[in-house]
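Along the sequence shown, residues are numbered consecutively beginning with 1. Every value quoted in this text rests on a predicted model; they were computed, and no experiment measured them. All heavy atoms count here, side chains included; hydrogens, waters and symmetry mates do not.
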Amino acid sequence: MDVADQVERLSKRSREIYAKEYGFALDYNEPISQRIRFSSKILNEYKDAKNGLPEHIKAKMPPPKRTSKKDTTRDEVNPILNELIPPPPPPGTLQKQLGAGSSQALTHYTGAATIGVANERVASSLGESTELQIFSTGRDTNNSRALAERRANVTQIRPEWHAPWKLMRVISGHLGWVRSVCVEPDNQWFATGAGDRTIKIWDLATGRLKLTLTGHIMTVRGLAVSPRHPYLFSCGEDKMVKCWDLEQNKVIRQYHGHLGGVYALDLHPTVDVLVTAGRDAVARVWDMRTRMPVQVLAGHNGTISAVKCQEVDPQVITGSMDTQVRLWDLVAGKTQTVLTHHKKSVRSLTLHPAEFTFASGSADNIKQWKCPEGSFMQNFEPRHNAIINTLSVNSDGVMFSGGDNGSMAFFDWKSGHKFQEMDTTAMPGSLDAENGIFASTFDRTGLRLITGEADKSIKIWREDPEATQETHPGLEWKPKLGRQRI
């Protein structure tokens, strides 16, 4: 290309960009400009889809609508806009350009889609209604139609009605914050660990104290009862992991290896291994009987505050202060999936007892995930506006979340709708700052909820037996169009 042709091409491009010689300023908010910009955006985003939709999807698409409107010739178009919009390529040009590999092959003429010109100044200068041809690719039309149909098919699950929960019993006895709670498999008693360095065992039916275990020298942060052995496992901020024999009520094993406080532990449901995690940012897998470390699951960059185990892969799930949730391959000892959706520290995890799903709680959101790949399902809404310390879910599809400020929220698991929210009942004489909820669990029937709180009390909650859907409809459900459940 010689210099003269190049200068002419550049000058023509400058006129098209700045429109200095056309006698009017372009209004980019008018319908014509918006339509051209929208067509250009579709062209740029879908230019790589040269083959259009797959055949099995294209077969399901409805046939394109045919308009009987007469095509408008370019002589009838406003001459000013006629210079701004290039003429359509002649028939057969598209195939030649695709064969030559030209970038201009992505724009071809498929038919006359006419729109009225909204600029009153241009219309008045012509003295008649003006029509403009818009050129777009056929595959863009198909893709746009497919996206529109997919958006139209998005539906939300209507939440089930659940009875509201109310306070049933308050138990006092600890001298520090109650940081952990667990229920034994036979649903006869439950254990709590607190900042007073003790583990207390309570009768679930009456709430009476049955036993106090001492041995930790700092706060007890995690408890678990083995379903196959008469063992109770505990961990604390003293870097210790202890195994208690409940027949002799004493420590029979200790697991050494953590370099910092141990904040969470869980038992594998089928294999005799114990998983603990804490401030050293690793999850350690222990052989329950030999006390030997089986695996060290490293990968987090911050304190691990929650760990859960299940029978099949991913057999270990951890949540950390580095905002990540990791799904682990227990056999290989490596990370299977890293979930980075949260923006704040992940302090709590819960597994659904019947579904192959789990939830993670953070200050930004409570999110639901599907195993084994860890695909995102939905956010629980309306959002629980607090630092989420604990999550629990029962087999009836009720999920509880406890906040650092004493707020409580109950969600429907399937739809993610929050049907009840309230604040915990403070103990008489406690400070306003002692309203936090640190631990929670449902009993084996799912009918009672046990919470451990900052006012040194243990509270038991149950559903209101006299409530009906008419008397207690719960929080209003407001579906959102843009929300989708996978």
Side-chain angles (χ1 to χ4, degrees), residues 162 164-172 174 176-183 190-195 219-223 263-264 266 305-308 319 321 342 344-353 358-368 379-394 396-413 416-427 430-443 446-463 475:
H162 298 280
W165 290 70
K166 66 178 184 178
L167 184 62
M168 171 185 171
R169 179 177 289 122
V170 179
I171 303 173
S172 61
H174 279 291
W177 292 353
V178 183
R179 301 302 300 257
S180 55
V181 59
C182 70
V183 179
F190 66 95
T192 57
T219 302
V220 181
R221 296 294 295 265
L223 292 172
Y263 286 174
D266 199 16
S305 53
V307 61
K308 293 293 179 181
M321 296 290 186
H342 283 289
K344 302 289 185 181
S345 301
V346 180
R347 297 195 178 200
S348 54
L349 297 171
T350 184
L351 299 173
H352 193 279
F358 71 97
S360 58
S362 176
D364 59 348
N365 252 321
I366 303 175
K367 298 181 182 293
Q368 189 183 86
N379 288 324
F380 288 87
E381 295 177 349
R383 189 169 70 90
H384 187 179
N385 190 18
I387 299 174
I388 309 300
N389 284 330
T390 177
L391 293 175
S392 298
V393 62
N394 64 7
D396 294 333
V398 176
M399 189 188 74
F400 165 79
S401 65
D404 204 48
N405 57 357
S407 60
M408 306 171 63
F410 293 87
F411 297 87
D412 178 59
W413 180 264
H417 170 63
K418 179 169 67 174
F419 65 88
Q420 183 185 4
E421 62 178 352
M422 59 182 176
D423 291 331
T424 185
T425 304
M427 284 281 289
S430 62
L431 303 176
D432 292 339
E434 295 179 331
N435 283 339
I437 301 174
F438 292 123
S440 68
T441 184
F442 285 96
D443 68 350
L447 301 178
R448 285 171 289 188
L449 172 69
I450 307 170
T451 59
E453 305 189 8
D455 60 1
K456 308 172 187 177
S457 69
I458 304 153
K459 296 184 176 67
I460 301 179
W461 311 76
R462 68 172 182 178
E463 290 183 335
L475 298 180

Q: Go through the structure and list residues passing side-chain contact (heavy atoms from CB on, under 4.5 Å) with Met422, not counting sequence neighbours.
A: Met408, Phe410, Gln420, Trp461
Q: Rounded to the nearest 0.5 Å, what separation is found between the CD atom of Glu453 and the CD1 atom of Ile437?
A: 5.0 Å
Q: Report the distance from atom OG1 of Thr425 to atom CG of Leu167, rounding to the nearest 0.5 Å.
A: 5.0 Å
Q: Could you pull out all residues at least two apart from His342 that satisfy ring pair (Phe, Tyr, Trp, His ring centres under 6.0 Å)?
A: none
Q: Under 3.5 Å, is there a donor-acceptor pair between the side chain of Asn394 and the main chain of Val398?
A: yes
Q: Show me, pair by pair, the donor-acceptor contacts under 3.5 angstrom made by side chains of residues 399-406, not counting sequence neighbours?
A:
residue: Ser401; atom: OG; partner: His384; partner atom: ND1; Å: 2.7
residue: Asp404; atom: OD1; partner: Asn389; partner atom: ND2; Å: 2.8
residue: Asn405; atom: OD1; partner: Ser407; partner atom: N; Å: 3.2
residue: Asn405; atom: OD1; partner: Ser407; partner atom: OG; Å: 2.7

Q: Please identify each residue that fulfils side-chain contact (heavy atoms from CB on, under 4.5 Å) with Ser172, with sequence neighbours left out.
A: Met427
Q: Can you tell if the side chain of Ile171 reaches within under 4.5 Å of the side chain of Lys459, non-hydrogen atoms only?
A: no
Q: Could you state the interatomic distance from CG (Leu391) to CZ (Phe358), rounded to the nearest 0.5 Å?
A: 11.5 Å
Q: Report the residues that fulfil salt bridge (charged side-chain N to carboxylate O under 4.0 Å, His left out) with Lys166, sequence neighbours left out, ordered by chain and then residue number.
A: Asp464
Q: Could you list the residues that satisfy side-chain hydrogen bond (donor to acceptor under 3.5 Å, both in side chains) with Ser362, not counting sequence neighbours?
A: Asp364
Q: One thing to verify: whether Asp443 and Arg448 come together as a salt bridge, which I'm taking to mean a side-chain N less than 4.0 angstrom from a carboxylate O.
A: yes
Q: In Å and rounded to the nearest 0.5 Å, what is the CD to OG1 distance from Gln368 to Thr350?
A: 11.0 Å
Q: Run the side-chain contact (heavy atoms from CB on, under 4.5 Å) check on Leu447 and Arg462 step by step: do they pass?
A: CA-CA 6 Å; Leu447 301 178; Arg462 68 172 182 178; over 6 Å; no
Q: Any sub-3.5 Å donor-acceptor pair from Ser392's side-chain atoms to Ser440's backbone N or O?
A: yes
Q: When rounded to the nearest 0.5 angstrom, what is the spacing between CG in Asn365 and CD1 in Ile388?
A: 9.5 Å
Q: Looking only at heavy atoms, what is the nearest atom pair of Ala359 and Phe380, with distance?
A: CB-CE1, 4.2 Å
Q: For Ser345, check side-chain contact (heavy atoms from CB on, under 4.5 Å) against everything at least two apart and list the hits.
A: Met321
Q: Holding to salt bridge (charged side-chain N to carboxylate O under 4.0 Å, His left out), I want the full list of residues that pass it with Lys367, two or more places apart in sequence or in another chain.
A: none
Q: Does a donor on one side chain sit under 3.5 Å from an acceptor on the other, for His162 and Asp396?
A: no
Q: Taking the ring centre of each residue, are Trp165 and Phe442 less than 6.0 Å apart?
A: yes
Q: With sequence neighbours left out, write down each residue that passes salt bridge (charged side-chain N to carboxylate O under 4.0 Å, His left out) with Arg179, or none if nothing qualifies.
A: none
Q: Without swapping roles, check the side chain of Ser360 against the backbone of Ser348 for a donor-acceptor pair under 3.5 Å.
A: no
Q: So, using side-chain contact (heavy atoms from CB on, under 4.5 Å) as the criterion, who are the partners of Asn385 when residues are at least two apart?
A: Arg383
Q: What are the two closest heavy atoms between Pro382 and Phe411, and how far apart are they?
A: O-CE2, 3.6 Å
Q: Applying salt bridge (charged side-chain N to carboxylate O under 4.0 Å, His left out), can you list everything that pairs with Glu421, at least two apart in sequence or on another chain?
A: Lys418
Q: Which heavy-atom pair separates Ala264 from Ala306 by the least distance, and what is that distance?
A: CB-CA, 3.9 Å
Q: Could you give the distance from CG (Leu449) to CD1 (Ile460), rounded to the nearest 0.5 Å?
A: 9.5 Å
Q: Hey, does Ile458 have a side-chain heavy atom less than 4.5 Å from the side chain of Ile450?
A: yes
Q: Counting N and O atoms only, with roles assigned by atom type, does the side chain of Asp455 sit under 3.5 Å from a partner on the main chain of Ser457, one being a donor and the other an acceptor?
A: yes
Q: Would you please name every residue forming a side-chain hydrogen bond (donor to acceptor under 3.5 Å, both in side chains) with Trp177, sequence neighbours left out?
A: none
